[in-house]
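What follows is a set of notes on a single structure, which appears directly below.
The chain is numbered in sequence order, starting from 1. Just so you know, these numbers use all the heavy atoms, side chains as well, and skip hydrogens, waters and symmetry mates.
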Amino acid sequence: MKLYLFAFLASLSSVGAAGSGSTFFPARPPAIPLAVKAPYLSTWQDAGSAGGNGGYLAGQWPTFWSNSITGWAGLIRVDGKAFNWMGGTPNTNLVDQVAFEYTSTKSIFTMHVDGKVEMNVTFLSPITPNDFKRLSIVSSYVHLDVGSLDGKSHDVQVYADISAEWVSGDQNAVAEWEYGETDNGVAYHKVHRQTQLLFSEVGEKAEWGNWYWATHGGAQVTYQSGRDVDVRGQFMSKGKLANSKDKNFRAISKDWPVFGFAINFGSVNSSPASALFTIGLYQTQAIQYDGPDGVGPVPSLWTSYFHDGLDAVDFFYHDYATANSLSSELDLNIDQDSRAAAGDDYLTLTSLAARQAFGSIQLCGTIEEPYVFTKEISSSGNVNTVDVIFPTHPIFLYLNPTLLKLLLRPIFELQESGKYPNKYAMHDVGSRYPNATGYPQGNDEKMPLEECGNMVIMALAYAQKSKDTEYLQTHYNKLMQWTGYLVDDALYPANQISTDDFAGSLANQTNLALKGMIGIEAMAAISNLTGHHADGANHSRIAHDYIAKWQTLGINHNAKPPHSTLSYDSDNSHGLLYNLYADRELGLNLVPDSVYDMQSAFYPTVRNKYGVPLDTRHDHTKSDWEAFAAAIASKSTRDMFFHTLAVWINETPTNRGMTDLYDTKTGGYPGIYFIARPVVGGFFALLLLQ
Ligand SMILES: *[C@@H]1O[C@H](CO)[C@@H](O)[C@H](O)[C@H]1NC(C)=O
Ligand SMILES: *[C@@H]1O[C@H](CO)[C@@H](O)[C@H](O)[C@H]1NC(C)=O
Ligand SMILES: *[C@@H]1O[C@H](CO)[C@@H](O)[C@H](O)[C@H]1NC(C)=O
Ligand SMILES: *[C@@H]1O[C@H](CO)[C@@H](O)[C@H](O)[C@H]1NC(C)=O
Ligand SMILES: *[C@@H]1O[C@H](CO)[C@@H](O)[C@H](O)[C@H]1NC(C)=O
């Protein structure tokens with residue numbers, strides 16, 4: 001009911017009504033991913049009630065994750081009457097959205113226009129984990145199918161444009177553009193900042209690179225660049241564009257230049273007519289990195305496969321059938337695996353998380369020397385943050401372990417080359433994406449126990465999954481160094497922050513101590529796998545000694561029911577013991593089953609409407625850590641976690657790219673806005689254990 005109300009309110013600003021309401025399957029997400037492929041291609045339709053319109057594509061502008069508008073307009077004319085199917089073009093009739101569905105790679109809208117035609121709009125951001133040529137291209141598809149609804153033939157034209165808002169976070173920046181067609185028939189608008197600012201951001205958007213908005217050229221296709229009201233007005237009144245180019249390069253907000261295509265379907269009957277558009281960002285240089293040869297640019301990986309951006313645009317456009325079938329295959333695998341593991345609620349989570357997790361990464365380097373870089377979207381902008389990769393890592397290990405190796409690569413490289421002075425593991429490789437220039441002074445955010453544990457655990461997890469023992473040998477010395485820190489600090493952790501830094505610092509954190517102890521045992525396994533038997537025996541002995549003590553220090557055995565505490569000295573405190581997951585993931589069996597059973601029995605006693613609080617300090621929780629806790633819980637407790645999360649997704653008032661931090665009582669933002677962060681890749685934790 002609520003959903004319909006917001007749709008109705010949104011429609012008041014436009015002529016016509018939003019219609020009788022849309023269904024949402026498997027859920028109505030907080031924001032609908034439209035083109036979500038990389039840190040700088042991240043456009044969503046806000047849906048939740050705190051500012052979103054309830055999940056309708058028409059009547060509201062799509063936005064970049066950071067909330068600035070990425071002007072993207074869709075119009076359709078049926079028998080001479082124009083309707084709006086995407087975006088906030090004022091004074092338009094809105095189509096009736098009747099259904100919405102998402103899969104891991106697609107957002108699909110079904111619309112009825114004037115009761116005469118049906119239009120399906122499919123946004124596809126392909127995920128091809130094992131195909132780096134395709135994965136490296138920062139582009140998404142929009143596919144339209146239009147067919148008769150009432151059995152009669154109708155005269156139909158469709159229109160879509162982008163505005164220059166895509167190319168910069170600064171609306172006063174001057175945009176430049178050109179129109180052309182490739183030899184293979186791809187018609188394109190190329191749009192970019194007139195003055196490119198390499199490796200710079202404004203409002204989180206990239207200030208360099210070329211945007212291409214493309215479709216297939218031909219007799220039925222017309223184009224136009226120009227002022228928004230002129231170009232859209234031209235289509236609404238004439239049903240076609242003027243094939244004209246606006247040569248007046250100007251500020252993004254000066255008479256709002258837009259870049260449109262119109263396609264004349266002519267008479268449409270029951271066999272659908274279709275159109276395909278692509279949107280993408282092509283940056284030849286992606287990252288600034290302090291690599292083996294010193295600070296310098298790292299190319300986008302697509303430059304190894306294509307000689308320039310336009311070549312890649314042409315390939316991507318003609319690759320739709322393959323990209324679509326590879327994506328459908330992935331959708332089906334995630335669908336089947338998720339439902340087999342824990343049912344429909346679980347699929348609601350995993351399939352919404354996939355594009356968000358992959359939408360934080362960018363494939364870089366060359367075919368011989370590839371890297372994966374990731375942006376800590378919304379919380380800091382740090383590059384390859386270790387405690388963001390850690391919660392995200394299940395999706396990468398599940399889909400292709402090499403992606404995890406390539407994410408860890410710059411982290412190992414910077415520290416093994418002596419460019420980081422601290423003996424504990426670094427937090428990230430650069431304070432602001434895309435500058436991965438490290439911390440020669442060692443002044444990164446200090447999260448020593450957390451990151452040492454994460455690095456050792458993830459190194460072993462990758463090696464186990466890929467059967468790559470050589471990897472452990474290569475990094476042995478660094479991993480031993482970090483384990484030395486764990487041995488010093490894990491039993492009685494000093495006052496420090498954990499990954500949940502928003503919660504503040506604390507001494508003797510029970511869950512953090514557990515991560516350190518599991519890390520020590522993981523190192524023992526690494527030693528044993530690489531023939532360092534004395535180290536293996538020593539560290540296993542230490543880990544077992546610590547875990548025995550931890551069971552006294554970190555558990556309140558007298559509580560009813562008993563549970564782990566937030567910190568040693570606070571018996572009545574509690575928290576999600578999500579670090580226990582690594583013990584199961586790595587098959588270490590360091591922690592007795594009784595601890596798993598105890599936590600399974602405890603969590604349901606402290607659940608709120610939308611989940612179990614992260615700890616006793618606040619009502620808020622982290623969905624990624626709930627998914628870690630769920631993955632190792634009893635079936636009923638696991639189902640409780642997944643069910644409350646699925647209900648939260650449907651009901652949350654939050655309205656931006658899915659937050660991982662939310663209030664368990666209201667479902668809203670807890671005063672901190674975490675948006676579109678990759679850590680929801682942790683929803684795949686259970687799939688790794690299958
Ligand atoms: C839209 O999608 C639905 C569901 O897949 C399908 O039944 C229908 O035929 C499609 N309509 C058009 C016009 O392609
Ligand atoms: C990256 O560093 C360059 C200088 O090398 C600077 O101009 C740019 O603003 C930095 N980018 C970000 C996002 O801070
Ligand atoms: C066991 O490991 C600890 C910490 O890594 C180290 O200080 C100690 O010397 C080791 N003991 C042996 C016998 O190797
Ligand atoms: C950590 O816990 C131990 C055991 O209760 C206690 O002796 C120590 O003082 C605590 N450390 C801090 C920094 O509070
Ligand atoms: C490593 O091997 C030693 C025996 O050499 C054994 O005691 C220990 O449990 C092993 N640890 C792991 C984690 O495999």
Side-chain angles (χ1 to χ4, degrees), residues 387 390 424-425 427 445-454 457 482-521 541-583 590-608 611-622 625-626 628-629 632-633 661 664 670 672:
D387 62 289
F390 180 74
Y424 52 80
H427 172 267
E445 186 173 11
K446 190 176 175 187
M447 241 177 238
L449 190 48
E450 184 80 54
E451 309 304 23
C452 288
N454 285 340
I457 289 166
W482 294 330
T483 303
Y485 192 91
L486 297 179
V487 170
D488 287 347
D489 201 46
L491 183 55
Y492 297 109
N495 192 339
Q496 62 194 290
I497 51 173
S498 76
T499 181
D500 306 310
D501 51 2
F502 49 84
S505 77
L506 196 63
N508 285 326
Q509 294 184 58
T510 303
N511 183 48
L512 189 58
L514 181 62
K515 169 165 286 174
M517 294 171 192
I518 292 170
I520 297 168
E521 182 72 350
R541 187 185 50 74
I542 294 170
H544 281 89
D545 174 44
Y546 283 10
I547 204 70
K549 293 180 169 129
W550 177 90
Q551 288 176 75
T552 308
L553 292 164
I555 293 175
N556 180 347
H557 294 278
N558 300 320
K560 293 196 174 33
H563 56 80
S564 67
T565 58
L566 170 61
S567 64
Y568 294 167
D569 311 311
S570 173
D571 258 4
N572 292 325
S573 66
H574 57 78
L576 289 173
L577 194 67
Y578 55 82
N579 282 325
L580 185 55
Y581 174 77
D583 182 52
L590 176 68
V591 186
D593 284 349
S594 56
V595 173
Y596 291 79
D597 297 342
M598 173 185 74
Q599 291 302 106
S600 287
F602 173 68
Y603 292 137
T605 68
V606 288
R607 69 163 273 193
N608 289 326
V612 176
L614 181 61
D615 60 54
T616 26
R617 288 172 289 187
H618 302 280
D619 286 336
H620 59 224
T621 196
K622 295 272 280 105
W625 298 141
E626 288 188 291
F628 271 52
I632 52 169
L661 178 68
T664 55
I672 302 169

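- Residues passing the side chain to side chain donor-acceptor pair (under 3.5 Å) test with Ser600: none are found, sequence neighbours excluded.
- Side-chain atoms of Ile520 and Val487, non-hydrogen and from C-beta on, do get closer than 4.5 Å to each other.
- Take His620 and apply the ring-ring contact (aromatic ring centres under 6.0 Å, His included) test, not counting sequence neighbours, and it matches Phe502, His618.
- Listed by first then second residue, pairs satisfying salt bridge (Lys or Arg N to Asp or Glu O under 4.0 Å) with a partner in residues 612-621 read Asp615-Arg617, Asp619-Lys665, not counting sequence neighbours.
- Among residues two or more places apart in sequence or in another chain, the side chain to side chain donor-acceptor pair (under 3.5 Å) test is passed with Asn608 by Thr664.
- Every side chain to side chain contact (heavy atoms under 4.5 Å, CB included) that Ala425 has, sequence neighbours left out, goes to Gln415, Glu451, Cys452, Met455, Trp482.
- By the side chain to side chain donor-acceptor pair (under 3.5 Å) test, Gln509 pairs with no residue at all, sequence neighbours left out.
- For Tyr568, there are no ring-ring contact (aromatic ring centres under 6.0 Å, His included) partners two or more places apart in sequence or in a different chain.
- Partners of Ser570 according to the side chain to side chain contact (heavy atoms under 4.5 Å, CB included) rule, which considers only residues two or more places apart in sequence or in another chain, are Ser567, Ser573.
- The pair Arg541-Asp545 does not meet the salt-bridge criterion, since no charged nitrogen lies less than 4.0 angstrom from a carboxylate oxygen.
- With sequence neighbours excluded, no residue satisfies side chain to side chain donor-acceptor pair (under 3.5 Å) with Thr483.
- Residues satisfying the side chain to side chain contact (heavy atoms under 4.5 Å, CB included) criterion with Pro604, sequence neighbours excluded, are Thr637, Met640.
- Using modelled atom types, no side-chain atom of His544 and backbone atom of Glu521 make a donor-acceptor pair closer than 3.5 Å.
- Partners of Asn556 according to the side chain to side chain contact (heavy atoms under 4.5 Å, CB included) rule, which considers only residues two or more places apart in sequence or in another chain, are Asn558, Ala559, His563, Thr565, Asp571, Asn572.
- Applying the ring-ring contact (aromatic ring centres under 6.0 Å, His included) test to Tyr581 and every residue at least two apart in sequence or in another chain returns Phe628.
- Side-chain atoms of Leu449 and Tyr424, non-hydrogen and from C-beta on, never get closer than 4.5 Å to each other.
- Annotation: cation-pi geometry not satisfied between Lys622 and Tyr578 (NZ/CZ under 6.0 angstrom from ring centroid, within 45° of ring axis).
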